[in-house]
Each structure stands twice: as C-alpha cells, then as structure tokens.
Amino acid sequence: MRIRLDLSYDGTDFNGWAVQPSHRTVQGTLEEALATALRLPQVRVVCAGRTDTGVHARGQVVHFDVEAEVVKVSAGRSNEPPLVALLRRANGILPADVRVRRVVEVEPGFDARFSATWRRYAYRLVDRVDLIDPLTRNHVLAWPRPLNIEQMNLASEPLLGLQDFAAFCKRREGATTVRTLLALQWTRTPAGVVEARVVADAFCHHMVRSLVGCLLSVGDGREQPYRALELLTARTRHPGVKTVAARGLTLEEVGYPEGAELLAQADRARNMRSLT
C-alpha cells in the first residue's frame, strides 16, 4: 500500500530535509521513527519539496510504500484502525520538533513530489525594533530598515508566470531553472509582521530566499522596482542578489489534483520544464 503523511517541523535544529551522514535531518529522523513504528529495518520516504537547513514546514507531504500486513501487525493489540495506530506510534517516537498530522492510504499513482501542482511558502519578517520578539527569532527575520510594501508588490508583479529564474537560483548540474510563479504578494499583518506569500508549480534551490532578498532591497529603497525584472531577464546569477536567512521561510501547503489528473500531473512533472 502507498501511504501519504502530512507533517510539520521546526527546521531550526535540522541540517535540512535530505538524509546526510552524521547530520540530523528531517528525512533521517522521520524514516528512523517510521521504521521503529512499523518494526522494519528501513523505510524510505519521498517528499513534496526538500527544505534547506533552518527552513520550516507546516504542510510538508511525503509518501512511502509498505506491505498492508506490516501496517496491520505493527498496530499490535490496539483497537484503533492500523493507520490511526501508526500516526500515534510515530508521533510517540518522533522528537518534539517534528509532528505527523495525518496518515492516509492513497492510490498507487500518487507521488508526493511529482503529483503536486503547486507549493506555497511564506516568508516572515519585521522591520521595526519594537516588533522584534526573541521568542520568534527562529521563525521571523528582523530587518534593519523600514519596508515599503507597495513598492515590493510593484516589483513582484512582472515576475509572475512561466519564467527562467536562473538569476534567483543556485544552479544544479542537469537541472532546469524554469518555473511557473503563480503568486508573489506582500502584506503586513495587524501585528505588523511583513509576510510574503509565494506560490509556484515548483521551486529551484534558494529561489524563494533569493527572490525575497531582491525584493527587500526594493522595499527598503536601495533599489528601484524595475530592478527585479532586470535581473530576471538577464537569466544569470548576479552577485547583487542576496539569499536571505532561512529562518523566516516556511513551507505552508502543497496542492494536488484529484482522480485521473493525479496520474497525468505526475507524468507531466517528470518532463523537464522549458520556456517553449
């Protein structure tokens, strides 16, 4: 059977998502807990999107395959349904900075990574000294200059759509930097926290944090709004594009289609994106 897990984690004390020898990672911690809960020597999971060191998640999605009998036996004498028992057992084993929120069986064609049609991130920061809260220092960035939200939204709008985001990505051998940016909007909450809502079909390495870094330079007056589009159209990484700290970034939600479209989306996503 194929199982989908929805989970949240505080990325502060993790060396990112992906398993690394001798490092504490979210994937490694989750796989060890699942192996213990299911009484298996090993479990391997696939995630919707790998997060960097220090990045958090409220809506990460993973899948893994396991024999139905293994799940049933692992529940022991519990009167709970096997997947409910798995949820309880996994959370009993996991450390406090990782929580599994949901465990469900899905159709074999579901793929946490390739079936996703969009990912939504949020970046949070404050730009006033009186709003800096040491209790949220690992989740909200403190910015030293006041920000103009209107200018940041003006600079963000031309970046939407199917684009080559090479200027805002850390290149990886054989990987494309073409993505479809569905939303990039800045707001200020009633409490004064500045939030970026960023939605795309997928993200390349450091893309969100680099976009945020560029737009912050517009918001604090160091650059004009047209600068973001200038950098985008150059299609090459510019030394002036700064990657902001990971701690303000959270993976909030991942979207999936339903029915036959689920399989079709997985097939499409496996093809390399291009501008044509």
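As the structure is a prediction and not an experimental result, all values here were calculated from the model.
- When Lys72, Arg88, Arg89 are each tested for a salt bridge (Lys or Arg N to Asp or Glu O under 4.0 Å) with Glu80, only one passes: Arg88.
- Two residues are said to be in side-chain contact when any heavy atoms from C-beta on lie closer than 4.5 Å; Lys170 and Asp52 fail this criterion.
- Open room surrounds CD on Glu157; 12 or fewer heavy atoms of other groups in view lie less than 6.0 Å from it.
- For Ala234, the side-chain contact (heavy atoms from CB on, under 4.5 Å) partners at least two apart in sequence or on another chain are Thr236.
- Within the 4.5 Å cutoff, side-chain heavy atoms of Cys169 are placed close to those of Met207.
- For the side chain to side chain donor-acceptor pair (under 3.5 Å) test, no residue two or more places apart in sequence or in another chain qualifies with Tyr121.
- Between Arg4 atom CZ and Phe64 atom CZ the span is 13.0 Å, to the nearest 0.5 Å.
- Between His139 and Asp10 the shortest side-chain heavy-atom distance falls below 4.5 Å.
- Summarising the geometry of Ala37 relative to Ile93, their closest heavy-atom pair is N-CD1, 3.7 Å, with the distance given to 0.1 Å.
- Legend: residues meeting salt bridge (charged side-chain N to carboxylate O under 4.0 Å, His left out) with Arg247, ordered by chain and number and at least two apart, are absent.
- The shortest distance between side-chain heavy atoms of Cys47 and Gln27 does not fall below 4.5 Å.
- Separating the CG atom in Leu141 from the CG atom in Asn138 is a distance of 11.5 Å, to the nearest 0.5 Å.
- The NZ atom of Lys242 sits 10.5 Å away from atom OG of Ser217, with the distance rounded to the nearest 0.5 Å.
- A donor-acceptor contact closer than 3.5 angstrom is absent between the side chains of Arg227 and Gln224.
- Scanning both residues, Arg58 and Arg101, for their nearest heavy atoms gives O-NH1, 2.8 Å.
- Taking 4.5 Å as the limit, every side-chain heavy atom of Leu94 sits out of range of all side-chain heavy atoms of Leu7.
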Next item on the list: Apply side-chain hydrogen bond (donor to acceptor under 3.5 Å, both in side chains) to the pair Thr25 and Asn15, showing each step before the final yes or no.
Entry: CA-CA 5 Å; Thr25 67; Asn15 283 81; over 6 Å; no
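- Shown here for Arg235 and Leu275, the closest heavy-atom pair between the two residues is NH2-CD1, 3.2 Å.
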Check: Would Tyr9 and Thr29 count as a side-chain hydrogen bond (donor to acceptor under 3.5 Å, both in side chains) if you check the C-alpha gap in whole Å, the side-chain angles of each, and the deciding distance to 0.1 Å?
Finding: CA-CA 11 Å; Tyr9 49 85; Thr29 301; over 6 Å; no
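- Taking all atoms of both residues into account, the shortest heavy-atom contact from Thr117 to Pro257 is CG2-CD, 3.6 Å.
- The only option from Glu195, Arg197, Met152 that meets the side-chain contact (heavy atoms from CB on, under 4.5 Å) definition with Trp186 turns out to be Met152.
- In this structure, the separation between CE on Met1 and CD on Glu67 is 10.0 Å, given to the nearest 0.5 Å.
- Taking all atoms of both residues into account, the shortest heavy-atom contact from Ala228 to Leu159 is O-CD2, 3.8 Å.
- Annotation: side chain to side chain donor-acceptor pair (under 3.5 Å) contacts of Asp220 (sequence neighbours excluded): Trp143, Arg145, Arg222.
- Side-chain N or O atoms of Asn91 include none that pairs as donor or acceptor with a backbone N or O of Arg99 at under 3.5 Å.
- You'll find the side chain of Phe168 reaches within 4.5 Å of the side chain of Leu231, heavy atoms only.
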Checklist line | Step-by-step salt bridge (Lys or Arg N to Asp or Glu O under 4.0 Å) determination, Arg268 to Asp201 | finding: CA-CA 12 Å; Arg268 285 194 298 267; Asp201 59 344; over 6 Å; no
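- Checking Arg237 against Ser210 by side-chain atom types alone, a donor-acceptor pair falls below 3.5 Å.
- A salt bridge links Glu252 and Arg124; the closest N-O separation between the charged side-chain nitrogens and carboxylate oxygens is under 4.0 Å.
- Classified by interplanar angle (parallel below 30°, tilted 30° to 60°, perpendicular above 60°), the ring pair Tyr256/Phe110 is tilted.
- Within the 4.5 Å cutoff, no side-chain heavy atoms of Thr51 are placed close to those of Leu249.
- Residues Leu215 and Leu184 have side chains in contact (heavy-atom distance under 4.5 Å, counting atoms from C-beta outward).
- For residues 35-50, the side chain to side chain donor-acceptor pair (under 3.5 Å) pairs, not counting sequence neighbours, are Glu31-Arg44.
- With a 4.5 Å cut-off between side-chain heavy atoms of Ile, Leu, Val, Met, Phe, Trp and Tyr, the cluster of Leu182 takes in Trp118, Val199.
- Smallest separation of non-hydrogen atoms from Gly11 and His56: N-ND1, 2.8 Å.
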